[in-house]
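Since the model is a prediction, treat every value here as computed from it, not as a measurement. Letters go in sequence order (proteins before strands), and every chain restarts at 1. Computed over heavy atoms, backbone and side chain alike; hydrogens, waters and symmetry mates excluded.
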2 protein chains.
Amino acid sequence: MNDQGRDCEELVADCRVRAVTDLFTHTWDPVVLTALRRGPRRRRELRAAIGGLSDKVLTEALRRLCAHGLLERRAFAQAPPRVEYALTALGQSLVDGPMQALGDWIIEHGDELLNAQEKTS
Amino acid sequence: MNDQGRDCEELVADCRVRAVTDLFTHTWDPVVLTALRRGPRRRRELRAAIGGLSDKVLTEALRRLCAHGLLERRAFAQAPPRVEYALTALGQSLVDGPMQALGDWIIEHGDELLNAQEKTS
DNA sequence: CAGTATCCACATCGATACTG
DNA sequence: CAGTATCGATGTGGATACTG
């Protein structure tokens with residue numbers, strides 16, 4: 001994360017690879033990003049669309065993604081409160097690029113992955 | 001992970017997105033994969049090339065990746081023991097496809113990511 | 001060299017109850 | 001509706017010493 005200029009061919013720790021993969025170490029972050037790829041959503045919509053994650057975890061994920069500049073929080077002064085979350089340009093590029101590639105890969109190779117997993121478990 | 005056929009447009013949890021992103025929830029797994037993209041390596045070479053991870057964690061990562069069908073373990077009956085780890089065809093396709101896309105993205109957008117992070121921390 | 005066995009620190013997640 | 005606070009279960013990683 002701190003050796004941007006260093007050659008990453010051999011010494012892989014602390015290199016750029018980590019800078020991205022760290023974004024995925026939190027289980028729900030990529031899921032939240034994916035859920036927003038079609039456009040902004042309110043907090044509650046998100047929670048319902050994703051399903052299976054607690055308020056606390058959702059809040060943490062949203063804060064983290066905002067802090068990383070991938071999400072933007074838009075609060076409206078209303079009662080009841082209305083808050084929307086939207087991908088920033090940076091976040092959108094991540095979703096449309098690498099995460100789309102990830103999705104394409106699983107569509108093509110997902111079965112192989114599951115088969116291999118079952119064999120050994 | 002178990003609802004392969006389900007529509008993932010809206011309900012994101014337990015869908016295919018997770019099947020891939022779960023591969024990245026373990027910090028070192030993608031690093032190990034990347035370190036093997038040029039060809040097979042012995043355990044010790046790997047540890048040295050990556051740097052900063054313990055024997056235990058390396059072992060765990062290797063076992064997990066083998067179990068998922070992404071890595072192959074080749075042991076030679078020798079003294080001292082010689083063991084090589086190599087990407088399978090499946091693993092290679094993951095590294096050359098999605099992980100390459102991830103690397104390309106960070107090369108292009110890494111600075112934005114770091115700037116945004118520093119602003120908020 | 002390859003791999004295992006403990007012990008410990010720490011973070012993530014889940015469930016629940018509560019505030020504005 | 002949006003968000004916070006707390007507690008506990010679980011798991012991931014680090015350090016160290018040891019076996020074949």
Inset, instruction - With heavy atoms under 4.0 Å as the rule, sort A/F76 into base, sugar-phosphate or nothing. - result: nothing
Legend entry - Heavy-atom donor-acceptor pair, B/R63 side chain to B/E60 backbone, under 3.5 Å: no
Inset, instruction - Can you tell me the distance, in whole Å, between the CZ atom of B/R43 and the P atom of C/dT4? - result: 8 Å
Inset, instruction - With the side chain of B/E60 defined as its heavy atoms from C-beta on, choose the nearest nucleotide among C/dG14, D/dC1, D/dG13. - result: D/dG13
Inset, instruction - Kindly say whether B/H109 contributes a backbone atom to a donor-acceptor pair with the side chain of B/E112 at under 3.5 angstrom? - result: no
Legend entry - Full working for side-chain contact (heavy atoms from CB on, under 4.5 Å) between A/L94 and A/L23: CA-CA 11 Å; A/L94 179 63; A/L23 294 176; 4.1 Å; yes
Inset, instruction - Grab the NZ-C1' distance between B/K56 and D/dG14 for me, whole Å please. - result: 7 Å
Inset, instruction - Mind calculating the distance between CG (A/L53) and P (D/dA2) to the nearest angstrom? - result: 14 Å
Legend entry - Of A/P81 and B/R64, the one whose closest DNA chain D nucleotide lies more 5': A/P81
Inset, instruction - Pick base, sugar-phosphate or nothing for B/T25, based on heavy-atom distances below 4.0 Å to the nucleic acid. - result: nothing
Inset, instruction - Answer whether the closest heavy-atom distance between the side chains of B/W105 and B/L113 falls below 4.5 Å. - result: yes
Inset, instruction - May I have the distance from A/D29 (atom CG) to C/dC13 (atom C1'), rounded to whole angstrom? - result: 12 Å
Legend entry - Euclidean distance, atom CZ of residue B/F24 to atom C1' of D/dT12 [Å, nearest integer]: 18 Å
Inset, instruction - Quickly work out the B/R41 CZ to C/dC1 P distance and round it to whole Å. - result: 15 Å
Legend entry - Presence of B/R63 side-chain N/O under 4.0 Å of C/dT4 phosphate oxygens OP1/OP2: yes
Legend entry - Any donor-acceptor pair under 3.5 Å from B/T88 side chain to B/L70 backbone: yes
Inset, instruction - Measure from CG on B/L58 to P on C/dT4 and round the result to the nearest Å. - result: 11 Å
Legend entry - A/W28 CH2 to C/dT12 P, straight-line distance once rounded to whole Å: 15 Å
Legend entry - Sidechain N-carboxylate O distance under 4.0 Å for A/D55, A/R47: yes
Inset, instruction - Compare side-chain N and O positions of B/R42 against OP1 and OP2 of C/dA2 and report whether any pair is under 4.0 Å apart. - result: yes
Legend entry - A/S54 vs C/dC13: side-chain N/O to OP1/OP2 distance below 4.0 Å: no
Legend entry - Watson-Crick or G-U pairs under 3.5 Å in DNA chain D, rendered as dot-bracket with [ ] for crossing pairs and | for another strand: ||||||||||||||||||||
Legend entry - Least distance between heavy atoms, B/R37 atom then B/Q92 atom: O-NE2, 3.5 Å
Legend entry - Candidate nucleotides D/dT12, D/dT4, D/dA2, ranked by approach to the side chain of A/R44 - the nearest: D/dA2
Inset, instruction - Calculate, to the nearest 0.5 Å, the distance between atoms OG1 and CG belonging to B/T34 and B/L102 respectively. - result: 9.0 Å
Legend entry - Nearest to side-chain heavy atoms of A/V83, which nucleotide of C/dT4, D/dT12, D/dA2: D/dA2
Inset, instruction - Look at all strands and tell whether B/R47 reaches a base, only sugar-phosphate, or nothing, counting heavy atoms closer than 4.0 Å. - result: nothing
Legend entry - Closest-nucleotide 5' rank along DNA chain C - winner of A/H26 and B/R82: B/R82
Legend entry - A/V57 side chain, from C-beta outward: closest of C/dC13, C/dA2, D/dG14: C/dC13
